[in-house]
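Please read the structure below before turning to the comments.
In what follows, every heavy atom counts, from backbone to side chain, and hydrogens, waters and symmetry copies are set aside. The sequence lines fix the lettering, A, B, ..., with proteins before strands; numbering per chain opens at 1.
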Protein chains: 2
Amino acid sequence: MPTAPSLAPPAPPALNPDQARALLKALADPIRLQVIEALGGGERCVCELTVALGLAQSKLSFHLKVLKEAGLLADRQCGRWVYYQLQPEALEQLRGWLAQLAASCTAPAEPCC
Amino acid sequence: MPTAPSLAPPAPPALNPDQARALLKALADPIRLQVIEALGGGERCVCELTVALGLAQSKLSFHLKVLKEAGLLADRQCGRWVYYQLQPEALEQLRGWLAQLAASCTAPAEPCC
DNA sequence: ACTGTCCATCAAGGAAAGTTGATGGGTTTT
DNA sequence: AAAACCCATCAACTTTCCTTGATGGACAGT
């Protein structure tokens, strides 16, 4: 048995600090949250998103790039269109990272005076 | 029975979008994460944190304020010192918010071509 | 009172992120 | 091959965030 196959069920690969920061920063923007919510119902192409959110194409493209680089979105070209879809695993990974952070806070609360 | 008393056990009050954004933004900074980790072991005063993290007093004070305003920290004055401590509920609330966001993404995945 | 320590706040400068309009590459349609 | 459409990228600008050094308030000790 070379490398014991893990039996953990979903077990997200655990985030490194930079990935976590990128995710947090990507989510900390109203426009990008709107994009995520708009993609909640399924895949959409850029031109659909521009009209749905009332954004300039250039502006939307910028935010899509941020979200994609953070790992929250995946894109797929289809002819002349580019479709974006959510990567819900990313949200789950961030949740795991937060849980781990909270777990490291064993604060015993030591009042001094 | 005027307002039925909820039976939910811990039930964090649920975050509004602005609170969630403040939390995300506050966590998306390396220095502030160091502060949080430093406070993981319990309450600390500002002067302890400055030496522990090697930060200028003014700089640390700025980041402490951001974290406090986001709800991640609470402070307490004791004589000449000011002690900061973590508010782990804030992390839990953010986790809940993320779960809710993920739940709203029912992406049916509709390939077109 | 005077001095020293701890801390928050401020103004000014620098760095990073977001916005805008324009340009060009790639694809389909005519 | 020309025209129309979808989209990413770029440079210039604006805005937001962070850093730095200085100032002052609150408290404790002398």
>> Suppose we screen for side chain to side chain donor-acceptor pair (under 3.5 Å). Which residues come up paired with Gln87(B), at least two apart in sequence or across chains?
In response: none

>> I'd like to check Val46(A) versus Tyr84(A) (side-chain heavy atoms, cut-off strictly below 4.5 Å). Are they in contact?
In response: yes

> Got a sec, which pairs hit side chain to side chain donor-acceptor pair (under 3.5 Å) with one end in residues 45-65 of chain B, sequence neighbours left out?
Replying inline: Arg32(B)-His63(B)

>> If I take atom NZ in residue Lys68(B) and atom C1' in nucleotide dA8(C), what distance separates them, rounded to the nearest angstrom?
In response: 10 Å

> For Asp18(B), which residues count as a side chain to side chain donor-acceptor pair (under 3.5 Å) partner, sequence neighbours excluded?
Replying inline: none

>> Strictly distance-based, threshold 3.5 Å: is any side-chain N or O of Gln77(A) a donor or acceptor partner for the main-chain N or O of Gly79(A)?
In response: yes

> Is any side-chain heavy atom of Trp97(A) closer than 4.5 Å to a side-chain heavy atom of Asn16(A)?
Replying inline: no

> Could you state the CG-P distance from Leu53(B) to dT19(D), rounded to the nearest angstrom?
Replying inline: 13 Å

Using a cut-off of under 3.5 Å, enumerate the N/O to N/O pairs linking the protein to nucleotides 15-19 of chain C.
| from | atom 1 | to | atom 2 | distance (Å) |
| --- | --- | --- | --- | --- |
| dA17(C) | OP1 | Lys25(A) | NZ | 3.2 |
| dG18(C) | OP1 | Arg32(A) | NH1 | 3.3 |
| dG18(C) | OP1 | Arg32(A) | NH2 | 2.9 |
| dT19(C) | OP2 | His63(A) | NE2 | 2.4 |

> What integer distance in Å separates Leu64(A):CG from dA8(D):C1'?
Replying inline: 11 Å

>> What is the distance, to the nearest angstrom, from the CG atom on Leu60(B) to the P atom on dT19(D)?
In response: 11 Å

>> With a 4.0 Å cutoff (strictly under), does any side-chain N or O of Tyr84(B) reach OP1 or OP2 of dC6(C)?
In response: no

> Which value, rounded to the nearest 0.5 Å, describes the distance between Cys45(B) atom SG and Arg80(B) atom CZ?
Replying inline: 11.0 Å

>> I'd like to check the side-chain contact (heavy atoms from CB on, under 4.5 Å) partners of Ala38(B); sequence neighbours left out, ordered by chain and number.
In response: Leu49(B), Leu53(B)

> For the pair made of CG in Leu67(A) and P in dA8(D), what is the distance, rounded to whole Å?
Replying inline: 12 Å

So which protein nitrogen or oxygen atoms get under 3.5 Å of nucleotides 21-29 of chain D's nitrogens or oxygens?
| from | atom 1 | to | atom 2 | distance (Å) |
| --- | --- | --- | --- | --- |
| dG21(D) | O6 | Ser58(B) | OG | 2.7 |

